[in-house]
Colleague: 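Take this structure first; my questions come after.
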Protein chains: 2
Amino acid sequence: MTSRTAPDPARRSERSRAAVLTAATELVAEVGYGKLTIEAIAARAGVGKQTIYRWWPSKGAVVFDAFLVAGRHEGGLALPDTGNLATDLRTVLRAGSDELADPSADRTYRALSAEILNDPALHAEYRTRLLDPLLEVTRDRLRSAREAGQIAPDTDLDLAVELVYGPLHYRWQYRLGPLSHAHADRLVDAALCALNPPTADGGSGA
Amino acid sequence: MTSRTAPDPARRSERSRAAVLTAATELVAEVGYGKLTIEAIAARAGVGKQTIYRWWPSKGAVVFDAFLVAGRHEGGLALPDTGNLATDLRTVLRAGSDELADPSADRTYRALSAEILNDPALHAEYRTRLLDPLLEVTRDRLRSAREAGQIAPDTDLDLAVELVYGPLHYRWQYRLGPLSHAHADRLVDAALCALNPPTADGGSGA
DNA sequence: CGACTAAGACGAGACGTACCGTCTCGCGAC
DNA sequence: GTCGCGAGACGGTACGTCTCGTCTTAGTCG
């Protein structure tokens with residue numbers, strides 16, 4: 001009795017699934033997440049409401065799935081490794097800034113962030129499918145930099161990822177200022193400065 | 001025609017205002033923000049629904065007002081200034097960690113954060129009444145530290161506050177780990193390391 | 001200075017609307 | 001034959017607006 005006569009995924013209609021996610025993507029762009037309703041998604045997709053309730057636990061879950069399908073955010077997730085940590089982190093934070101600076105993506109991220117804040121199940125899904133993989137590859141990259149002596153040998157990688165992503169996320173969430181490449185670069189410089197070994201013999205040229 | 005025959009604030013009933021905020025505080029603690037309804041607030045407060053709709057634009061605005069009244073978050077906002085920046089920042093981040101670690105406060109913050117993410121008006125009110133004052137006094141403290149030579153003379157104060165608060169906020173929002181005093185201290189150390197002048201003559205003992 | 005009057009905020013709740021989540025149908029595919 | 005499907009009816013809940021009659025207050029006049 002996991003959840004009231006669980007449906008059989010093998011018999012799930014791929015046609016319906018795709019139609020729902022497409023409709024959700026279109027509608028969230030047209031009316032915004034707040035005014036998005038399950039009934040409107042079902043009507044647009046030409047699907048019974050029960051079909052949505054059968055396969056998704058919440059409106060947030062539908063939109064999150066649609067978000068994953070729309071962009072190819074899942075899967076091929078990897079940080080560049082040119083050997084220069086500063087260069088690689090700049091690449092990542094610049095790309096992140098660009099994505100968050102796009103008004104359409106910005107709205108979607110805010111809606112999903114809001115849901116994730118209050119919905120533990122959605123938070124868990126976000127962690128396992130997006131955030132944790134991102135943090136993992138970031139830690140991997142920092143670990144190789146640590147072994148290369150580019151950052152302090154006793155660096156705490158969990159703390160490091162907070163230092164790298166936290167400030168940008170903070171600036172974005174509260175709209176403290178524009179998200180520019182120049183700003184991203186300065187955040188990287190600051191983070192690396194905090195992670196550098198105190199006796200730096202080879203400084204990363206500014 | 002600012003907003004359909006604007007009501008006269010001079011004739012506003014203080015009794016009703018207080019009753020609404022009290023009821024909102026109690027109910028958000030009892031049933032949570034998500035299940036909180038305007039009708040329930042009105043009933044608990046012994047107030048007509050119209051009275052709430054007359055003075056507040058949204059459920060989020062009511063809860064935000066109640067939040068401001070409940071705690072004394074407004075007004076006496078100041079950072080300590082012992083002369084030692086590290087000590088003062090540790091005090092602030094430790095206090096922040098403690099507050100966010102409290103389950104009840106945590107729920108309220110998450111609910112308000114979610115609303116602020118999607119409601120521009122509420123975001124503006126949060127900025128002017130809470131966040132901007134906090135960032136302002138933080139910049140003040142950093143400025144005096146800069147003049148005292150404790151951080152680099154060319155420090156960008158806007159960037160600095162992002163470095164100070166961003167990582168903790170990130171860790172909290174995505175539940176990346178427990179919010180302890182030890183963690184707060186390490187964040188302060190990292191931020192100060194990033195802000196220190198490259199040629200430090202007097203290091204702040206770790 | 002005190003009483004009258006008009007304005008408007010108040011408590012209460014009815015009202016139509018929207019959407020919720022569940023359910024009940026045949027229908028068709030496996 | 002089973003079960004997911006489209007369609008939509010259904011009761012429930014909360015929305016935001018509105019309409020009462022009451023009560024408080026500001027402004028005016030005696």
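Residue numbering restarts at 1 for every chain, and letters A, B, ... go by the order of the sequence lines.
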Colleague: Over how many whole Å does the gap from A:Y53 atom OH to C:dC19 atom P extend?
Modeller: 11 Å
Colleague: When you check the side-chain N and O atoms of A:R107 and A:S104, is any donor under 3.5 Å from an acceptor?
Modeller: no
Colleague: Which residue, A:E39 or B:E39, contacts DNA chain C at a nucleotide closer to its 5' end, judged by nearest heavy atom?
Modeller: B:E39
Colleague: Would you kindly say whether B:R141 and B:S144 are connected by a side-chain donor-acceptor distance under 3.5 Å?
Modeller: yes
Colleague: Tell me, do A:R175 and A:D106 make a side-chain contact under 4.5 Å, heavy atoms counted?
Modeller: yes
Colleague: Using a 3.5 Å distance criterion without hydrogens, assess whether the side chain of A:Q150 forms a donor-acceptor pair with backbone atoms of A:G83.
Modeller: yes
Colleague: Find the distance B:K49:NZ to C:dT17:C1' and express it as a whole number of Å.
Modeller: 12 Å
Colleague: Do any N or O atoms from the side chain of B:R17 and from the backbone of B:R12 form a donor-acceptor pair under 3.5 angstrom?
Modeller: no
Colleague: Would you say A:K59's side chain and A:L36's backbone share a donor-acceptor pair under 3.5 angstrom?
Modeller: yes
Colleague: Tell me the stems DNA chain D sits in, counting at least three consecutive Watson-Crick or G-U wobble pairs, each under 3.5 Å on both distances.
Modeller: C:1-30 with D:1-30
Colleague: Test your reading of the model: is there a side-chain donor-acceptor pair from A:R127 to the backbone of B:Y174, 3.5 Å cut-off?
Modeller: yes
Colleague: What is the distance, to the nearest angstrom, from the CD1 atom on A:I38 to the C1' atom on C:dT22?
Modeller: 14 Å
Colleague: With the criterion being N/O to N/O and under 3.5 Å, what pairs connect the protein with nucleotides 9-11 of chain C, and how long is each?
Modeller:
from: C:dA9; atom 1: OP1; to: B:D8; atom 2: N; distance (Å): 2.8
from: C:dC10; atom 1: OP1; to: B:S13; atom 2: N; distance (Å): 3.0
from: C:dC10; atom 1: OP2; to: B:R54; atom 2: NH1; distance (Å): 2.5
from: C:dC10; atom 1: OP2; to: B:W55; atom 2: NE1; distance (Å): 2.8
from: C:dC10; atom 1: O3'; to: B:S16; atom 2: OG; distance (Å): 3.3
from: C:dG11; atom 1: OP1; to: B:S16; atom 2: OG; distance (Å): 2.9
from: C:dG11; atom 1: OP2; to: B:G48; atom 2: N; distance (Å): 3.4
from: C:dG11; atom 1: OP2; to: B:T51; atom 2: OG1; distance (Å): 2.7

Colleague: Please report the distance, rounded to the nearest Å, between CZ in A:R44 and P in C:dC19.
Modeller: 14 Å
Colleague: Can you check the A:I41 CD1 to C:dG21 P distance for me, whole Å?
Modeller: 11 Å
Colleague: Map B:K59 and A:A42 onto DNA chain D by nearest heavy atom, then report which one ends up closer to the 5' terminus.
Modeller: A:A42
Colleague: Would you check if the side chain of B:D88 reaches a backbone N or O of B:T82 as a donor-acceptor pair within less than 3.5 Å?
Modeller: yes
